[in-house]
Structures are given as structure tokens and as C-alpha cells.
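Okay, so here's the structure we're looking at.
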Amino acid sequence: MSYLDELNDEQRDAVKYCEGPLLILAGAGSGKTRVLTFKITHILKQNYARPSEILAVTFTNKAAGEMKERILKMMPGIYFPSMGTFHSICARFLRDHMEGSAQSSRFVIYDSGDCRVLMRECLKELNLDDKVFTPERMSSAISRLKNKLLDPEDFARTGISYDSRITYDVYCLYEEKLKSNNALDFDDLLMKSVFLLRNNKELLDRYSRMFKYVLIDEYQDINHAQYELVLLFSSFHRKITVVGDDDQSIYRFRGAEMSLLMRFEEDFPQARVIKLERNYRSTKVILEAANNLMKKNRVRREKNLWTDRKGGEKIGYFRAVTGRSEARFVILKIRELMRNDNYNYRDFAILYRTNAQSRLFEEVLIQEGMPYNLIGSLKYYERKEIKDLLAYLRVVVNRQDSLSLRRIINVPPRGVGDVTMKKLEHLSREEHIDLLEAAGRLSSSKEGSAKMRAQLTHLVEVLEEATRSLTVKTAGAIVEDIIDALKYREYLTSSGTAEGVAREENINEFITVVKEFESFSVDASLEAFLAHISLISDIDLWEDSEGRINLMTFHLTKGLEFPVVFMTGLEEKLIPHIMSQEKEEDLEEERRLCYVGITRAMDRLFMTHAEERFMRGVTEKRDVSRFLTEIPESILTLYGGTALPSAFSQAKQWKSEREDYCRDETCEVESLKRGDRVTHQFFGVGRVLTVTGDTVKVDFVDKGIKRVVRDYLSKSLGNNAPKRIRFQKGDRVYHAKWRSGVVCRSDEESSLVMVIFTGTGTQFVQAEELSPLPTLQDKRPPL
DNA sequence: ACTAGAATCGTTTTT
DNA sequence: CGATTCTAGT
């Protein structure tokens, strides 16, 4: 059994124990993924079960994919039907078995944006004060209920206060709307699965007998509904393996209950418990920082994470003046490490608490011409034209989806406005027909203009025709049909604007995505495509082999590791976040979040923060995070900054870098003030009006008042005539709004440039709005 | 019905 | 600051 030799004693125990329930308490970096994959391989090799008899739940689809890949390397040709996230497994389960119940198997999955729209409708209908009962608050209240498996009736039995009366009304209406749209939200996927299993003994029997082994990863982050699901699926064989680490529980806000991990032995009294405490990932110094931090938490299992790796570099600490100089420090440090220690871009992770912090890093990275990967800005599916297209497709699959129909009923414009919509809604309610049917009827009546009716008739026909072709055509073919029939391209490009052409490009990209899906998916139907699209997460799309610096939130790093990690924005109000500083449980969760970040680092760790931060238009003073002060001074190395926080006032160790990072702030920045004469590459000569953070408002002689990023200005000494720059295919460019991109086409005549932007896709912009960026070859680390 | 400009508002993490 | 919603005017 050669594969078992690669494991340590505890890991091997965990792999070989297949007789009953098992709890693996796996500290950070202790090789839990390895244990899980080996265990599944072991089960298969020993013929304890077949692949279809194993239920394996991971935290992301990506993790599931990697696990499958690794097992496939050891045992080629295997297919695992039940390996994935709770949500994807449940979606599949419901699609297979919900036929005949309230929501049919053709349901669509509403994302949080869709749910917000739906919730807004509810609140409006109930005439609730939307200052007090905001869609966000009500949504999260209902989400909590669903995670606790309480349907409106269950909830009604538990409380009677005025607020809960309102919640009850909202919940009922919200559910009603979901039902009438034949839609489910994320929480429904879990809750309805549990209800289905509870109410259908035959189904429960079948599934629980089928799953001879149930394995759950990241058990510390499961919520009540998921827990119930685990119990149900494993109820027959009770051969359940869960892996978790209470110190890494960071999803309380979405219902995760750490206590479920804590009480596993009570739920399964005969359970074995195996602790994996040997860390293979990090240096001793990094573990010491992590362990010291976690000692401060009260609610946790005692543990002793250890490594026999030698000490390693001390943790780099940098206190910057502004957010921008913090970013600059990080990027220059990366340069230096690449130069001295042969690191590749992909070895670095820049981590932060909130997505808003990524901006500064992006800006500096762009300036420096360094490639990066921004994870968690899944902008693609948020683009208008893509959402429109998805809305069409949803209606095709599920004509009851009135939310989606409403979105596209007047796109392209068909003369359907508020008045017509009101009529349609009325008709739909009176006649008990869906909205699409109502549109069909109205279009053959005498109501409204003839032109509008003709166009409505066409729309209904196109959609219904697409629905009929569902069984015979692939997703891609249907998408193309609809785009052609509705002249969607023409609609986008008719305005003749650059934006329109860019949107058309995005449509092409979408078609490519659909076709790609067709080629790798077993099921190439439109339904399958829509289901797939709505359940992929940010991290699923991350490709780590690309040779780019990685930017992401602390939350998204779970399960990942990087040779060099930068933890940034370690300030009070950011981490612990201002919203999580009051309650002890919240605070402890923030500390765990910090712990998760620290334990991602393999070789080197840097912790940074800024004295002041520019957010939402104002600059605010910031204090160092209490978590940073919980790390012993003795394992920190202080890099230059303007001052030391009081907690470190004893430390004397200063580095020569100091001057480097201060220069940006004190010299260049300080020197730019109102009245200064400046030159901009494209706008020419002007005078500074105001300086706000990183943005400077300048009154240009030729171009008038514009706001530009400070870095693209230089103090002007003479009358440097601005040159017009020609862009060509392949040039890297920067745009104030869309940020970095690569030139695709350039039209001399109109000075329009087509750019594919990293985050936002294709756009057409005026050449004047672009600044050239150094190509990767040009920009070597400075010596 | 549609549009452009004004006003408002929110401060986190995500399947 | 920036995204979203509201409003007034065509």
C-alpha cells in the first residue's frame, strides 16, 4: 500500500479508519485535503464502496474539482457524481426529485441581487417603512430562518412580538413570490432538500442506503440546514468523516455554527477523534504568531500546532502613512523578493479585509506593470448585457420567472413602460396566468399601441419557440437563436457608440463561455448551463498557475497557501471590523479571520497598516489593529514608516527601506498643491485646483477642468507640448475608470481605441483617456 | 416612454 | 467616493 507510506501516523489512522464516524481535527496546513483524497482512494481500492456511493462535500467547487483530479491521478477513469459543495449537490438533488412539488424541477436559482429585487417588491406591497425594514435586513433575517430550517409556519409558532409579526408577513409573501416565479434562493437549496428528505421516507431510504460513506470538509463552517442534511444522508450507514478546525470558523454571518463541530462526539457517541497538529506549511515564526494570536480566543478547543521547520524569517511589519504608501511598500517588497530570492509573481498573496481595499493595490500594480489576479470581483456576470441575456434564458427555461421577464420585456425597447406593465400584472393576477401568457394575450387585444403589440407578439413567439427547442438544441444554439431573432446585437450597436460595440464583444464572449460549457459538461442543456452559472463562486474561477500576484479578501483564502503573504489594512475598524467590535463572538471571529490569513503563509509573512485611510471621499485617522499587538514583538521586524505605534515603541530595528517608501508620500505628494503648474501626458498644461487623496483636480488650458490620478501628473517647468500617442494592438494601457487593459484595435481617424480591460471586459475609449503602461519586459525590478 | 441630471445613501465577509 | 434611485422635463 504505497500511498499510505506518504502519510504520518495520525493521517494514516484517519485514512484507514473506515468503520464508523470520525472527526478529524485538522489544524491549518496539517494536510487535511491530502487525508481526504487518500481516504477516498483507500475506500475505493479496498472496495468498501463505489464512487457513486461516496458523498463528499467540499467548500468550493474548485476544491471538489481538485480532489477529483488528484484521485483520478491515482485511479484513472473514475466519475464521482456526488462530490461538490452543499449547494451544488442540493441543486442537483432537487432537480432530480422535485417534480410534482410546489416548485418544479425547472426552477431557477436567484442570486442575492435577484432576491433583493424580490424583497423590495414584498416590502412595497406590505407598505412597510423601508427605512426601518430595509431589503438587506429582511433578507438576512429570512436567510437566518431558512438556515435554521424554519418555514413561515414554524417561525410563527416560535415568536409573537410585533417585529416577528412583520417578519412573518414578509417571509410569507417572499416565499409566495419565489414559488410563483418557480425560483429558489441559495438557502432554499439546502432547506428544501432537507424538507424533501424528511417528507419522503422512500427517497431518504434510497439515498441514505446509497451513501456508504459521507465525507465533509470544513465542518466548522456548516450551518444548521447543512448539518441536518449530513445527518439525513448518513443516517443509514453512519460512516461519516468530518474534517474541520474550530480556529478557522469564519462564516458565522451566513449561519455557520462552530458549535456543531464542538459537539460532534455527542451527536455520534461512538465517534473516533483524530487530531492533526503537525503543520507542514509554515515556518516556526509564522506558527508562533498564529498560536499567540489564537491564545486570546476563549471559545475554542485546546490544541498544539507544531512544525519541525526551522525558524524562518521574522514577520515584516510596516506602518505606512497612507493607504497608498502601504500599497507601495507591498509592491516594492515584492519586487525586492523577486529579485533576491527568485520568487515568481504567483508566489505572492496580498490579503485584505474588505474588497474596497483592493483598489489601491491595483492602481500601484498597474503603474508598475506587474501582472495580478483580482479574485472576488466577479464583474463579468454583473454586466448589463450579460444579465439581460441570462434573463432571456431563464424565461425560456422557466416562463414563470417574472423577475427576469420584467427585466427584458422592454429590452430592446418595445414601448412597454409602467402603464403596460401594470396592465400585464393585473391581467396575470385576474386570469391566474403567468406574465408571459398575459403578454401574449395583451398583444392580441386592442390595448395600447399597435406597434407595441406587434413587438410584444414577436417577443413571446421567440421565447416560446426557444422553449420548444429546449430538448433538441444545445444551450449555445438557443442563445444564438435568441440573439438573432430579437436583433439584440443591432440593439446594442444601433446607437453607434463605442460602448455599444464593446457590449457586442461581451456578448460574443458570453457565447464562447456557453460553448465552453457545452464541451466539458456531461449535460449540455440550457437548464444545466443556468444551474452551473448561478452556483460558481469567485474562487472557482481562480487560476493559480498564471504567474500573477494574487489579491483577495481574508475570507477567500481559506484552504489556500502562498510562499509570501501580505496581510494589509491591519487597522481597528477594518479588522476587527467596525461592525464586529462589540460582541465577544464577533470579535473572536475577526480574530480567527486574522488567524486564517496568517496561516496561509509558507515562508514569509508581512503585516501592514496605514495611519490614515481615504475612504468614501474622506481621509480618516486609523489605529493599529489590536490583533497585531497580540503578536510578540520578538518575532517582528520593523520596516520604516513615519512612526511606530505605541505598542512597539521599544523596538529599535530600522531598515534602510524607510527612505524608499517615505519618498512617495513626503516629497512628491506634499509638493503638489493648489496653484501648481502641472503637465499631463494628454491633457497638456494646467493648474492644480484641489488635491483630494490620490486624485487631483486640474484646470487644463485646453481641456478644461478634469480630475486625474496624481501619478500621471508631473510638475511642469516649461511648455512641453503634449504629444498624441498612437496605440497599437497588444499595448498595455491604463484608464481612470476601467483601469488596466490591453489594446485590441485602434482607429487613427476617430482616435477610438478598443481595449479589453482586465476586470470589465471590452470597451471603446477615446485615446486621450488612456495612458500607456510599461510592458512586462520593459519594467524590470530596479537595482 | 424615455432620458439625463440630481439626490441620496451606505460604511464586511459569500454560497 | 461611487452606485443606485428619484425627478423633472421632453
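Naming convention: chains lettered A, B, ... in sequence-line order (proteins, then strands); numbering from 1 in each chain. Being a predicted model, the structure only gives us computed values, none of them experimental.
- Checked against the 6.0 Å centroid criterion, the rings of A:H555 and A:F253 qualify as a close aromatic pair.
- Surrounding CZ of A:R95 are more than 12 heavy atoms belonging to other residues, nucleotides or ligands, all under 6.0 Å away.
- Here B:dT11 presents its P atom at 16 Å from CD of A:Q581, a figure rounded to the nearest Å.
- With ring centers used as reference points, A:Y488 lies under 6.0 Å from A:Y491.
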- Between protein and nucleotides 4-10 of chain C, map the contacts as a letter string: B base, S sugar-phosphate only, - none, heavy atoms under 4.0 Å, written 5' to 3'. -S-----
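- Between A:E589 and A:R592 a salt bridge is recorded (basic side-chain N to carboxylate O distance below 4.0 Å).
- One can place NZ of A:K573 at 18 Å from P of B:dT13, the figure rounded to the nearest angstrom.
- A straight line from CG of A:D540 to P of B:dT14 spans 13 Å, rounded to a whole angstrom.
- Checked against ring-ring contact (aromatic ring centres under 6.0 Å, His included), A:Y595 has no partners two or more places apart in sequence or in another chain.
- One finds no salt bridge joining A:K32 and A:D245 here, because no Lys/Arg side-chain nitrogen approaches an Asp/Glu carboxylate oxygen to under 4.0 Å.
- For the pair A:E589 CD and B:dT14 P, the interatomic distance rounds to 12 Å; values are reported in whole Å.
- Residue contacts for A:L574: at a heavy-atom cut-off of 4.0 Å it reaches no nucleic acid atom on any strand shown.
- If you check every strand for non-hydrogen atoms under 4.0 Å, A:F86 touches nothing.
- Here the C1' atom of nucleotide B:dT15 and the CD1 atom of A:I222 are 14 Å apart, to the nearest Å.
- If A:M579 and A:T85 are placed on DNA chain B by their nearest nucleotide, the residue sitting closer to the 5' end is A:M579.
- No salt bridge links A:D221 with A:R254; every basic N to acidic carboxylate O contact stays at or beyond 4.0 Å.
- Every residue two or more places apart in sequence or in another chain was checked for a ring-ring contact (aromatic ring centres under 6.0 Å, His included) with A:F554, and none qualifies.
- A side-chain hydrogen bond (donor to acceptor under 3.5 Å, both in side chains) with A:R626 is found for exactly one of A:E572, A:E590, A:E571, namely A:E572.
- In this structure, A:E136 pairs ionically with A:R116, as a charged nitrogen and a carboxylate oxygen lie closer than 4.0 Å.
- Shown for residues 252-261 of chain A: residues whose heavy atoms fall under 4.0 angstrom of DNA chain B, namely A:F253, A:R254.
- Residue A:S537 has a polar side-chain atom (N or O) positioned under 4.0 Å from OP1 or OP2 of B:dT15.
- Across B:dT11 and C:dC6, the matching C1' atoms stand 22 Å from one another, rounded to whole Å.
- Counting only heavy atoms from C-beta on, A:R359 has its side chain closest to C:dG2 among B:dT13, C:dG2, B:dT11.
- When rounded to the nearest whole Å, the span between CD of A:E136 and P of B:dT14 equals 16 Å.
- At a threshold of 4.0 angstrom between heavy atoms, the contacts of A:N355 are confined to the sugar-phosphate backbone, with no base atom among them.
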- Treat primed atoms plus P, OP1 and OP2 as sugar-phosphate and everything else as base, then score nucleotides 1-9 of chain B 5' to 3': B for base contact with protein heavy atoms under 4.0 Å, S for sugar-phosphate contact only, - for none. SS------S
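- A:T553 has no side-chain polar atom (N or O) that falls below the 4.0 Å cut-off from OP1 or OP2 of B:dT12.
- The aromatic rings of A:H87 and A:F186 lie perpendicular to each other, with more than 60° between the two planes, well past the 30° mark.
- For A:H224, the ring-ring contact (aromatic ring centres under 6.0 Å, His included) test picks out no residue, with sequence neighbours left out.
- In this structure, A:W542 atom CH2 and B:dT15 atom C1' are separated by 19 Å, rounded to whole Å.
- In this structure, A:H577 packs face-to-face on the six-membered ring of B:dT12, meeting both the 5.5 Å centre cutoff and the 30° plane limit.
- Straight-line distance from the CD1 atom of A:I375 to the C1' atom of B:dT14: 15 Å, rounded to whole Å.
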